[in-house]
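Worksheet for the structure shown next.
Just so it is clear, the model here is predicted, and its values are computed rather than measured. Letters A, B, ... are given to chains in the order of the sequence lines, protein chains preceding strands, and every chain is numbered from 1.
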Amino acid sequence: MDFLAYPAYGLYLLLILGGGLGAILSQSLVRALMGLILTLFGVAGMYLLMAAPFLAFMQILIYVGAVSVLIFFAIMLTRSSDGGEAGREGSRGLGRMLLGLIAGLTPLAILAWVVVHKAPTELPLKPEASLASLGQYLTGPYALAFELISVALLAAMAGAVLLGFERRRAR
Amino acid sequence: MSPLTLFHLAALLLLALGLMGIVTRRSLVGMLISVELMLNGAGLALVASARLTPAVDELGQLGALLVMGLAAAEATLVLAIILVVARRLGSSETARVSELKG
Amino acid sequence: MTMTEILNHPLTQIVLGMVLILAFVGVNGLILVWMERKVVGFIQRRPGPYEVGPQGILQSLVDGVKLIAKQLVTPRGADRFLFWLGPMLSVTPVVVCFLPIPFSPALTTMDVNLGLLLILAFSGINVLALCAAGWGSNNKYALIGAARAVSQSVAYEIPLLLSVLCIAFQTGSLSLSAIAADQSRGLLSWNLWVQPLAFVIFFISATAETNRAPFDLPEAESELTAGFHTEYSGMGFGLFFLAEYTYMIVVCSVATVLFLGAYDGPFLPGPWWFVLKVYALILALMWFRWTFPRVRFDQLLNLCWKWLIPLGLVNLLATALVLKLVE
Amino acid sequence: MPGLAKTVKGLWSLLVGLGVTGVEFFRPQLTVHYPRKEVDNLATYRGHIDLVAREDDPLTPRCIVCRKCVAACPSGCIDIESRLVGAAPSGDARELSLAPGLVVSGTRAAPPPREKIRREVAAFRLNYNLCSLCGLCVQTCPVQSLAFSREAYLCGSSRSDFEFELLERLRRRAAAGRQQAA
């Protein structure tokens with residue numbers, strides 16, 4: 001990383017942290033969504049920092065442009081009471097938060113120890129992988145994975161449509 | 001700290017945030033958001049590992065791409081499920097989804 | 001670092017480019033608002049803005065001053081944060097969209113080799129801005145407008161991508177500069193002649209993506225007052241307005257680069273041709289707006305799912321097949 | 001196949017529409033910029049109402065004070081004052097009221113001969129602020145004493161500028177006409 005990369009990393013980390021905290025803590029679900037989007041931008045920035053601009057743009061295109069819009073739709077269609085969750089009631093809410101902290105921090109601590117102490121051999125940043133070679137991998141040795149993803153997407157779409165229809169019949 | 005560790009720590013941060021969110025959130029949509037956080041962490045870790053170690057570069061990026069595809073599929077499906085739940089039970093809060101409770 | 005080194009540093013160039021882009025966006029916004037009102041006037045056989053300056057040319061400037069001078073009102077019960085996030089989020093990404101557009105081989109702010117992807121990615125953010133605005137307004141019209149904007153732009157993103165992919169297949173690059181350079185050998189090398197269907201699909205989808213009439217359902221004033229920007233006053237509204245017109249320039253610029261040979265043209269220097277083509281397309285958009293009545297929502301979605309997407313898929317397949325055969 | 005034909009027809013209609021607006025774009029404008037130019041074809045313009053004078057006397061309106069216009073006006077913007085003609089004794093108001101045989105509702109009659117008139121307009125006030133220009137008064141007037149004026153360029157700075165005394169206007173018009181004739 002050159003001299004500009006560390007401040008950039010810090011900025012993106014801040015985006016991720018701030019957005020993530022917003023995403024899991026804010027009462028209003030739409031605000032949580034905005035937090036998620038901030039995080040997504042942070043991650044996209046990190047991709048850019050790793051000289052993987054294709055992934056960064058795909059991240060924005062798919063996550064920000066499609067997935068978060070879907071989530072917005074979910075919030076709107078379920079009329080989640082002004083987009084907020086019912087107030088976390090007193091002690092139970094506190095207990096929840098505690099559990100959440102444990103659930104989050106335990107793996108974080110363990111994995112962080114692993115990451116810091118068992119770091120694999122590291123290379124300086126490789127030159128940017130060309131789009132063509134990505135495509136060759138995708139259509140060559142990993143065509144099956146590619147096809148499986150499309151099958152998964154198709155199945156998800158069909159499933160979603162089916163569920164939607166079922167809902168209509170149930171009415 | 002080396003760049004790889006830094007990126008991995010960022011990915012871990014995402015994972016931790018996601019886990020926290022999944023435990024504390026009470027609505028399905030909130031949980032979906034948390035899951036997206038974790039998936040992002042996975043993608044970030046994959047790409048960092050591929051870019052900064054001797055591993056094949058393209059594989060990591062492809063992996064991250066596939067994760068994005070999966071996230072899109074998963075979001076679609078979860079949206080449908082949330083809709084059905086909301087329609088049947090009038091709420092997408094997990095505490096109220098208790099039809100199977102004895 | 002010497003002065004020239006500083007000037008030649010990519011960061012300096014990007015910052016300079018950003019400033020120029022902002023100026024371009026602002027001036028173009030003013031011109032386009034005036035132009036639109038003139039065009040509608042002429043189509044309805046009246047003069048349009050007339051009083052401020054010769055032929056009313058200063059009208060939009062005066063309007064802008066008025067908008068800036070107005071009080072910013074946040075409605076009661078609105079989510080203040082989301083409410084003001086909306087207009088800002090709708091303008092900011094547009095500026096990024098200008099970065100990779102080649103006004104001429106030399107006049108490109110940032111020659112990204114994934115320029116097309118960058119534009120597609122960042123133009124998608126506008127929907128979120130509309131969502132934030134619609135949700136934050138605490139107003140049912142705004143919310144319905146936002147819901148419409150979402151379903152509309154999600155639907156029309158697909159044919160847009162399909163038509164863009166055809167060109168990417170053909171050129172073998174996602175870099176706008178490369179695509180432009182590929183068509184710089186005279187009128188007959190333009191992609192329009194090879195991909196007329198893709199152009200039509202692109203243009204229709206782009207009209208829908210920019211929420212322009214006849215697809216302006218998110219702000220259908222006869223049903224929704226003003227749709228997602230119902231509650232905005234002053235510059236909040238002004239920013240949405242500016243964003244809409246800037247998106248028009250972006251999509252028309254992209255269409256110019258992809259299909260109309262970008263800066264290619266005789267006699268005049270490249271950038272002039274570019275601007276000329278962009279303005280011709282924008283004029284066509286305005287012409288559409290004042291000719292066609294607003295479509296119904298089911299018509300809108302039918303057009304997309306039953307016509308544009310199948311056609312786009314067929315076109316893409318045909319392109320791939322032909323390219324394979326030629327190879 | 002019929003679906004396809006329909007589609008083609010639909011697409012063609014879009015082009016036709018574009019053609020229509022495209023042609024209109026290049027045709028000359030119809031707007032008349034008011035302070036610089038004025039419209040000349042005011043023949044069909046329906047401004048506020050005005051009283052019409054008798055043929056034999058430009059100073060007297062045809063009005064027979066039947067008050068039908070007052071009754072017909074939905075906005076209540078007409079107000080008529082009347083007075084008895086000459087030295088007719090006050091008190092026999094009944095006899096002085098409109099003779100039923102004189103004017104049959106729904107017909108357009110000429111005003112009665114002068115000597116038969118017992119009652120004439122003393123003041124005909126129109127509050128143009130309230131008027132909705134429906135024209136019912138003109139329609140109901142049995143003797144065609146009301147007509148639309150051609151004044152397109154009315155302006156004023158206070159409400160009282162639009163409270164007209166139509167009888168006065170009639171007299172002024174007559175005076176102006178006489179001056180012109182002289």
Side-chain angles (χ1 to χ4, degrees), chain A residues 1 9 13 16-17 20 23-24 29 32-33 36 39 43 46-47 50 52 55 58 62 66-67 70-71 73-75 77-78 80 85 96-97 99-101 103-105 107-108 111-112 115-116 119-123 125-126 129 133-134 137-138 142 145 149 152-153 156-157 159-160 163-164 167, chain B residues 1-10 12-17 19-21 23-27 29-30 32-34 36-37 40 43-44 47-48 51-54 57-59 61-62 64-66 68-84 86-88 92-93:
Chain A
M1 292 209 250
Y9 174 84
L13 193 68
I16 289 180
L17 191 64
I24 62 172
L29 279 177
L33 180 62
L36 175 67
T39 315
V43 174
M46 291 221 167
Y47 287 150
M50 285 188 277
L55 272 186
M58 282 316 256
I62 296 180
V67 174
L70 269 183
I71 297 177
F73 234 102
I75 296 172
L77 289 180
T78 51
S80 315
E85 302 177 305
R96 235 170 212 284
M97 282 306 290
L99 283 178
L101 270 179
L105 290 181
L108 178 68
L111 287 173
V115 163
V116 172
T121 49
E122 189 168 334
L123 293 181
L125 204 58
K126 288 176 263 188
S133 72
L134 269 182
Y137 269 94
L138 209 53
Y142 295 92
I149 275 291
L153 270 171
M157 211 166 80
L163 281 173
R167 174 174 67 88
Chain B
M1 252 191 268
S2 65
L4 178 64
T5 320
L6 282 177
F7 283 122
H8 271 162
L9 284 181
L12 277 182
L13 182 70
L14 279 171
L15 174 75
L17 284 172
L19 277 174
M20 261 175 80
V23 176
T24 49
R25 277 288 177 199
R26 296 148 53 97
S27 71
V29 181
L32 177 61
I33 290 177
S34 309
E36 297 297 343
L37 282 181
N40 259 282
L44 187 56
V47 177
R51 294 289 297 160
L52 296 161
T53 64
D57 191 2
E58 283 82 358
L59 287 191
Q61 301 206 21
L62 283 187
L65 265 186
L66 294 190
M68 282 179 205
L70 271 183
E74 165 249 350
T76 324
L77 212 49
V78 171
L79 168 63
I81 293 172
I82 289 174
L83 276 186
V84 172
R87 181 58 69 178
R88 284 206 187 155
S92 67
E93 308 244 322

Checklist line | Qualifying residues under side chain to side chain contact (heavy atoms under 4.5 Å, CB included), relative to A:Leu134, sequence neighbours excluded | finding: A:Phe54, A:Leu131, B:Glu58, B:Gln61, B:Leu62

Note to self: Given heavy-atom pairs under 4.5 angstrom as the criterion, report whether the side chain, backbone, both or neither of A:Ala66 touches chain B.
What the structure shows: neither

Checklist line | Pairs of heavy atoms under 4.5 Å with chain A: top-ranked of B:Leu19, B:Leu14, B:Leu32, B:Leu44 | finding: B:Leu44

Check: What part of A:Leu101 lies closer than 4.5 angstrom to a heavy atom of chain B: side chain, backbone, both or neither?
Finding: both

Notebook entry, point to check: Yes or no on side-chain contact (heavy atoms from CB on, under 4.5 Å) for A:Leu29 and B:Arg25, after CA distance, side-chain angles and deciding distance?
Noted result: CA-CA 10 Å; A:Leu29 279 177; B:Arg25 277 288 177 199; 4.1 Å; yes

Next item on the list: Calculate, to the nearest 0.5 Å, the distance between atoms CG and CG belonging to B:Leu17 and A:Leu36 respectively.
Entry: 11.0 Å

Checklist line | chain A contact via B:Leu59 - side chain, backbone, both or neither, heavy atoms under 4.5 Å | finding: side chain

Check: Which answer fits A:Ser133, side chain, backbone, both or neither, if we ask what part of it has an atom under 4.5 Å from a heavy atom of chain B?
Finding: both

Notebook entry, point to check: Between A:Val43, A:Leu13, A:Leu99, which shows the greatest number of heavy-atom pairs under 4.5 Å with chain B?
Noted result: A:Val43

Check: Where does B:Thr76 contact chain A at under 4.5 Å (heavy atoms): side chain, backbone, both or neither?
Finding: both

Checklist line | Engaged part of B:Leu65 at the chain A interface, taking heavy atoms whose separation is under 4.5 Å | finding: both

Next item on the list: To the nearest 0.5 Å, tell me how far B:Leu4 CG sits from B:Leu9 CG.
Entry: 9.5 Å

Next item on the list: To the nearest 0.5 angstrom, please state how far the CE atom of B:Met68 sits from the CD1 atom of A:Ile149.
Entry: 11.5 Å

Checklist line | B:Ala64: partners by side chain to side chain contact (heavy atoms under 4.5 Å, CB included), with sequence neighbours left out | finding: A:Tyr47, A:Leu55, B:Val47

